[in-house]
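Each residue takes its place number in the sequence, starting with 1.
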Amino acid sequence: MKSNAFSVSKKRFLATLLISCLVMTTVAGGARAAATSNVTYAMFDDFNYTSSSDSVLTEHQWSVKTGVAGPGPVGGSWSASNITFVTDPDNAANKLLRLTSSTDGTPAGTSQAEILTPMKYFEGTYAARVKFSDTPVSGVDGDGVAQTFFTISNLRYDNDPAYSELDYEYLVNGGWGVSGPSLWTTSWYTYSNNPWSKDNVYNYSNKSYNGWHTLVLVVKDGQIKYFADGALLATHSGKYYPRANMAIDFNQWFLPEALMSVSGKRSYQLDVDWVYHAKNTELTPAQVEAEVQNYRSQSITHTDNVTPGEIDTQAPTAPANLVSTSKSNNSVSLSWNASSDNIGVTGYDVYQNGNKVLSVSGTTLSATVTGLSPSTSYTFTVKARDAAGNESPFSNSVRVTTNGASPVSNWEPYHSYAVNDLVTYEGKTYKCVLAHTSQVNWIPSILPALWQLQPGS
């Protein structure tokens, strides 16, 4: 029988060994949690700041939007005071980013909130935990409000082919043709300010998302996947895949077409718990949660070793063997051999006498140019382009002379006319400008939308 002293010493040794094992297991477990996703470069921010003027916020490369600018009512403004950092009411040890926006129904009385990073993020996983609010914190309800988490690049000029934007937009009181609260997921190719036009693809979920939600956006291998609380909301691809480095952005703004014409100030709030990005790595929503908890277990409130993403700058090869396959008095059909590209060809542009006249998809190797004049010589070339907007050199050129004009005949009803067909009516010659089948009262002299009087007639 062993002595009590020995038993006590043994117990202390075993306890120490057990504690050591637990510590090693915990550390190893934490290391495994970080390693299972193979994340080498990441950004995480727990928003542990004092105010929008906190120097640490600037050191961490966040920018707060100020001044008069869009989106929102023309003349509406953005204020740094609308960005605050508050104690989490559910956890006194945690802080939240809060965006507060208010309006009195007029552009001058509208103040909005936005905060964003530099444009250095590209492929990988983006995530944030946000709290959407269906009702204002003060004032009457009903204004069109957009609460957003998104990524965005610069639009260098209208219809910039490298423009990239990926959006979560929660419309608190509906909008864009949909009534009631709705969460929109939108991927952009490009847009034009003047005149306004857009090229994007979107989905929306027409239900309330009031409260806390974890949003995960995966940009990898040509696909864009939008998740909310672990559920896949939408998948986009093709030309809508990003082509430029993007900023991570949160904002809250008012839809100008949906401001109520009632007096009195009303304010809305959007809260953000944390934001995360894993460069070049696809994570599941569960893996994102594990990464965030791993940072928090180590009391890490901010980290960012992400360098700007590598953007495709390699142009496709020139299309080869451009030939004319057929022609008429007013059209020329062309074909060519496919171009190659390090990522993939997304389209071909056909040029007539140096001017782009039409475009086809990257899998189409032929096109027909119409609306030409009879007995006229034209020179055609083709360029290839990729998703990043890189253009190939011109193909070889091909010169084609269209066939002679169609014989001039008397106009008659119930006859099928093609563009550039010539007819006579009451001693004058007219050229068809819109293909149609004529009716009794559609005489050339009174329908300039269908017929063009020829010089000398």
Side-chain angles (χ1 to χ4, degrees), residues 41 43 71 116-127 148-169 184-194 196-203 215-226 234-249 251 277-283 306-319 338-350 356 358-364 382-394:
Y41 299 98
M43 184 276 277
L116 67 157
T117 69
M119 295 179 187
K120 67 173 185 175
Y121 304 99
F122 189 50
E123 291 184 306
T125 301
Y126 300 81
T148 71
F149 163 51
F150 63 107
T151 65
I152 190 170
S153 73
N154 278 327
L155 182 79
R156 300 170 297 176
Y157 48 84
D158 281 350
N159 297 314
D160 180 359
Y163 179 72
S164 304
E165 181 179 348
L166 309 172
D167 300 338
Y168 283 97
E169 295 172 294
W184 293 66
T185 50
T186 307
S187 303
W188 290 75
Y189 177 66
T190 193
Y191 71 93
S192 169
N193 278 303
N194 189 22
W196 169 252
S197 65
K198 62 181 181 179
D199 189 350
N200 61 26
V201 60
Y202 62 85
N203 298 79
L215 309 178
V216 176
L217 169 66
V218 177
V219 182
K220 196 76 171 65
D221 299 328
Q223 287 197 318
I224 309 156
K225 291 183 280 190
Y226 295 86
T235 301
H236 301 154
S237 59
K239 70 178 184 178
Y240 302 102
Y241 196 76
R243 299 157 305 284
N245 286 326
M246 300 174 290
I248 297 174
D249 203 320
N251 76 7
H277 171 69
K279 179 179 178 180
N280 296 337
T281 307
E282 179 173 352
L283 301 180
V306 177
T307 55
E310 296 180 4
I311 305 302
D312 178 20
T313 59
Q314 182 174 325
T317 62
S339 298
S340 60
D341 185 67
N342 62 318
I343 304 297
V345 174
T346 58
Y348 292 95
D349 299 320
V350 178
K356 185 167 72 174
L358 61 87
S359 300
V360 296
S361 72
T363 58
T364 303
V382 176
K383 277 186 175 183
R385 52 184 161 77
D386 63 18
N390 299 310
E391 293 184 338
S392 75
F394 280 110

*Asks:* For K279, which residues count as a salt bridge (Lys or Arg N to Asp or Glu O under 4.0 Å) partner, sequence neighbours excluded?
*Replies:* none
*Asks:* How would you list, by chain and number, every residue that makes a salt bridge (Lys or Arg N to Asp or Glu O under 4.0 Å) with D249, sequence neighbours excluded?
*Replies:* none
*Asks:* Could you check whether any side-chain heavy atom of T151 comes within less than 4.5 Å of a side-chain heavy atom of L166, counting everything from C-beta outward?
*Replies:* yes
*Asks:* Can you tell me if D386 uses its side chain to pair, donor with acceptor, with the backbone of N390 under 3.5 Å?
*Replies:* yes
*Asks:* Yes or no on side chain to side chain donor-acceptor pair (under 3.5 Å) for S340 and T317, after CA distance, side-chain angles and deciding distance?
*Replies:* CA-CA 6 Å; S340 60; T317 62; 3.3 Å; yes
*Asks:* Do you know which two heavy atoms are closest between K239 and D199, and how far apart they sit?
*Replies:* NZ-OD2, 2.6 Å
*Asks:* Mind checking what makes ring-ring contact (aromatic ring centres under 6.0 Å, His included) contact with Y348, not counting sequence neighbours?
*Replies:* W336
*Asks:* Using the test side chain to side chain donor-acceptor pair (under 3.5 Å), find all partners of T148 that sit at least two apart in sequence or belong to another chain.
*Replies:* N251
*Asks:* Under the salt bridge (charged side-chain N to carboxylate O under 4.0 Å, His left out) definition, can you give me all pairs with a residue in residues 148-168, not counting sequence neighbours?
*Replies:* R156-D160
*Asks:* Take Y191 and N200, measure what side chain to side chain donor-acceptor pair (under 3.5 Å) needs, and give me the verdict at the end.
*Replies:* CA-CA 8 Å; Y191 71 93; N200 61 26; over 6 Å; no
*Asks:* Show which side-chain atoms of residues 215-226 pair as donor or acceptor with protein atoms under 3.5 Å away, not counting sequence neighbours.
*Replies:*
unit_1, atom_1, unit_2, atom_2, d
K225, NZ, E282, OE2, 2.7
Y226, OH, T186, O, 3.0
Y226, OH, S187, OG, 2.8

*Asks:* What pairs with E391 under side-chain contact (heavy atoms from CB on, under 4.5 Å), at least two apart in sequence or on another chain?
*Replies:* D349, Y351, K383, R385
*Asks:* Would a 4.5 Å heavy-atom cut-off, applied to side chains only, mark F150 and E169 as touching?
*Replies:* no
*Asks:* Could you work out, with side chain to side chain donor-acceptor pair (under 3.5 Å) as the rule, every residue matching N193, not counting sequence neighbours?
*Replies:* none
*Asks:* What pairs with Y202 under ring-ring contact (aromatic ring centres under 6.0 Å, His included), at least two apart in sequence or on another chain?
*Replies:* W184
*Asks:* Parallel, tilted or perpendicular for Y126 and H277, by the 30°/60° rule?
*Replies:* tilted
*Asks:* Please enumerate all residues that pass side chain to side chain donor-acceptor pair (under 3.5 Å) together with S361, with sequence neighbours excluded.
*Replies:* T363, T364
*Asks:* Once rounded to the nearest 0.5 Å, what's the spacing between atom OG1 of T190 and atom CG of N159?
*Replies:* 5.0 Å
*Asks:* Between T307 and K120, is there a side-chain heavy-atom distance shorter than 4.5 Å?
*Replies:* no
*Asks:* So does A162 get a backbone contact from the side chain of S164, meaning a donor-acceptor N/O pair under 3.5 Å?
*Replies:* yes
*Asks:* So, taking the atom named OH in Y168 and the one named CZ in F149, what distance separates them when rounded to the nearest 0.5 Å?
*Replies:* 7.0 Å
*Asks:* Among all residues two or more places apart in sequence or in another chain, which pass the side chain to side chain donor-acceptor pair (under 3.5 Å) test with N203?
*Replies:* H236
*Asks:* CG of L116 to CE of M246: how many Å apart, nearest 0.5 Å?
*Replies:* 13.0 Å
*Asks:* side-chain contact (heavy atoms from CB on, under 4.5 Å) with F122: which residues, sequence neighbours excluded?
*Replies:* P242, N245, I311
*Asks:* Heavy atoms only: give me the nearest S339-A318 pair and the separation to one decimal.
*Replies:* OG-C, 3.5 Å
*Asks:* Between T125 and T281, is there a donor-acceptor pair closer than 3.5 Å when you use the side chain of the first and the backbone of the second?
*Replies:* yes
*Asks:* If you take all heavy atoms of P393 and P316, which pair is closest and at what distance?
*Replies:* CD-O, 3.8 Å
